[in-house]
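Shown next, in structure tokens, is the structure this report addresses.
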Amino acid sequence: MDSFLKKVDFFKGNKPEDIVKEYGTPLYVYNEDIIRDRMHKVTQVIKKYPLTANYSIKANTNIHILKMGYEEGINADAMSPGEIEMLLKAGFESDRIFFVPNNVSREEVEYAVKKGIMTSLDSLDQLDLYGQVNPGGKCAVRLNPGVGAGHHEKVVTAGKKTKFGIAEEDVDKIFEIAKKHNLTIAGINQHVGSLYMDPEPFLKAVENFLRLAKKFEKLEFIDFGGGYGIPYHKLDDEQEFDMESFSKRFEVLLDKFVEEYGYAPLFKTEPGRYCVAEGAVLLGRVNATKHNSGKKYAGTDIGMNVLVRPSMYDSWHDVEIIRDNEVVSRDNLSEITVVGNICESGDILAKDRMLPEIKQGDLACLLDAGAYGYSMCSSYNSRPRPAEVLITKDGQVKQIRRRETIEDLMRLF
Ligand code: LLP
């Protein structure tokens, strides 16, 4: 594909230079149609049985995006009291929030109990803590199905090498702790890892997970976690995650489970990236180009503080170049490394990439920036976090988060 921006008319007729003139760079630009489309799709992953899709908001906590999720009928999962507060502020009722924390304090557990939010505990110690805080209460546990998946070892969240979940050999101890505190284990959840395009490891984990599920009596819900991938290499024609064939194979496993278990508990999923990644691009200004020892660099104002995924996981984000409001064609490509403005050698956005010629003053546009983009921003090097704007359904450009200022940073002292 020559240009994703053109193919989907991402800016809906707005001129990128007009947008950045008003809101500056670097700038996250969201497209409402794409986000709503993906949020709708995740509610359709299982059709045969009752399903709730919990948007995993760590991928993007912008309150305007959370409101879209609410309107699209999805529920949400939260990782911290901060994320719960965001969801409540966006209008989510407590029973539409699932708290899936890791290594939380007593105060944080008390907070969730007070708010009446279903909580999943991911170790025996944490389950015991929950029992002390809320004896006679109802909660869930996170199991480790023994199989992991994901785009980088840092995002594999199940299997043998991870801090997450309760291991199979400890499942019997769950029942002992539950008995001690008179707890009802209403649900179980898993999360295998993030970003798989090949569903094989996930389905293998589901099989293991459902085998473990049968040890639990009268479950109200089973949550399979998130992780559906998106095509980050779309300019090289990488295809979308094949949701339809995935759903069919998933349902076969569920059919078998339902038959053996005697009924279908409520099924849940927890996708984060899939809902929002493709719905945003990141615009930055090319401030300089140079050659260093024969290598060509394009230096932008998109530092690793604005998008950390490439430096943290060597993640790939496709890059399109915009000059005078036009996407530069990919007919003539040469190797170049696109970097940011942070004082780190690892401040690299796109390493040794085949890209069209880049000139000082161009706009660099990084695709698929909606998930784990802004939510992982920092103010490293005292660079304030960027603004976020939304291209609405009717093509308006609406600011949905203002740019942080130096005064904002000063306020904490
Ligand atoms: N549920 C749980 C319990 C999780 O730990 C995660 C992600 C999700 C759901 C959502 O997973 P998703 O559908 O987005 O793959 N920062 C990394 C991704 C870390 C994911 C951590 N857990 C990245 O930028 O690739």
Side-chain angles (χ1 to χ4, degrees), residues 35 38-39 41-43 45 52-61 65 69 74-80 83-84 87 97-104 118-123 126 140-145 148-159 162-166 187-199 201-202 205 209 221-232 241 243 246 268-280 282 304 306-317 349 366-378:
I35 294 176
R38 301 305 188 274
M39 284 180 166
K41 280 196 178 126
V42 296
T43 63
V45 174
T52 58
N54 290 344
Y55 166 48
S56 187
I57 77 164
K58 59 183 79 69
N60 192 309
T61 49
I65 291 172
I74 59 182
N75 289 1
D77 97 58
M79 184 69 193
S80 66
E83 288 192 348
I84 292 174
L87 285 162
I97 304 173
F98 186 29
F99 187 31
V100 190
N102 180 240
N103 300 328
V104 271
M118 175 56 74
T119 301
S120 172
L121 291 313
D122 105 323
S123 67
Q126 295 257 281
V141 287
R142 175 169 175 173
L143 304 178
N144 179 343
H151 68 88
H152 188 283
E153 68 170 21
K154 288 183 185 160
V155 301
V156 174
T157 51
T162 175
K163 66 170 180 165
F164 295 107
I166 300 176
I188 56 172
N189 69 303
Q190 67 160 12
H191 182 70
V192 175
S194 195
L195 205 181
Y196 47 83
M197 297 302 272
D198 168 12
F202 175 81
F209 185 51
F221 67 88
I222 297 182
D223 181 335
F224 296 96
Y228 317 135
I230 64 109
Y232 281 102
F241 182 70
M243 204 55 110
F246 168 74
K268 300 187 187 202
T269 60
E270 281 171 21
R273 182 189 318 271
Y274 188 86
C275 296
V276 286
E278 295 182 275
L282 177 54
M304 64 193 284
V306 176
L307 182 70
V308 76
R309 303 190 68 254
S311 37
M312 189 154 171
Y313 318 111
D314 290 324
S315 297
W316 178 287
H317 285 263
L349 290 168
L366 270 82
L367 305 187
D368 305 317
Y372 307 108
Y374 191 97
S375 66
M376 292 178 81
C377 273
S378 78

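As the structure lists them, so they are numbered: ligands from 1, and atoms in each ligand from 1.
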Taking both backbone and side-chain atoms of [X], is any N or O found less than 3.5 Å from an N or O belonging to ligand 1?
X: Met376; answer: no
X: Arg309; answer: yes
X: Ser194; answer: yes

With the side chain counted from C-beta on, respond yes when [X] and [Y] share a heavy-atom pair under 4.5 Å apart, and no when they do not.
X: Val308; Y: Ser378; result: no
X: Phe209; Y: Leu143; result: yes
X: Met39; Y: Ile65; result: yes

For [atom], find the nearest protein heavy atom and state the residue, atom name and distance (0.1 Å precision).
atom: atom 7 (C) of ligand 1; answer: His191 NE2, 3.4 Å
atom: atom 21 (C) of ligand 1; answer: Lys58 CD, 4.2 Å
atom: atom 19 (C) of ligand 1; answer: Val155 CG1, 3.9 Å

Would you mind running through ligand 1 and noting each atom that sits below 4.0 Å from a heavy atom of [X]?
X: Pro271; answer: 13 (O)
X: Gly227; answer: 11 (O), 12 (P), 13 (O), 15 (O)
X: Gly226; answer: 13 (O)
X: Gly272; answer: 10 (C), 12 (P), 13 (O), 14 (O)
X: Arg142; answer: 3 (C)
X: Ser56; answer: 1 (N), 8 (C), 9 (C), 10 (C)

Heavy-atom distance to atom 14 (O) of ligand 1: which of Tyr274, Tyr372, Phe224 wins? Tyr372
May I ask which of Glu270, Arg273, Met79 has a heavy atom nearer to atom 9 (C) of ligand 1 than the others do? Glu270
If you measure from NE2 on His191 to CZ on Phe164, what distance do you get to the nearest 0.5 Å? 8.0 Å
Which class fits the ring pair Phe246 and Phe202: parallel under 30°, tilted 30 to 60°, perpendicular over 60°? tilted
Side-chain ([X]) to main-chain ([Y]) donor-acceptor, under 3.5 angstrom:
X: Gln126; Y: Val104; value: yes
X: Asn60; Y: Gly370; value: yes
X: Ser375; Y: Ala59; value: yes
X: Tyr372; Y: Ala277; value: no

Applying side chain to side chain donor-acceptor pair (under 3.5 Å) between Tyr232 and each of His317, Arg273, Glu278, report the one that passes. Arg273
Ligand 1 contact on Met312 by region, counting heavy-atom pairs under 4.0 Å: neither
Side chain, backbone, both or neither: Tyr313 near ligand 1, heavy atoms under 4.0 Å: side chain
Does Ala59 come within less than 4.0 Å of ligand 1, judged by its heavy atoms? no
Less than 4.0 angstrom from a charged side-chain N to a carboxylate O is my criterion; do Lys58 and Asp77 meet it? yes
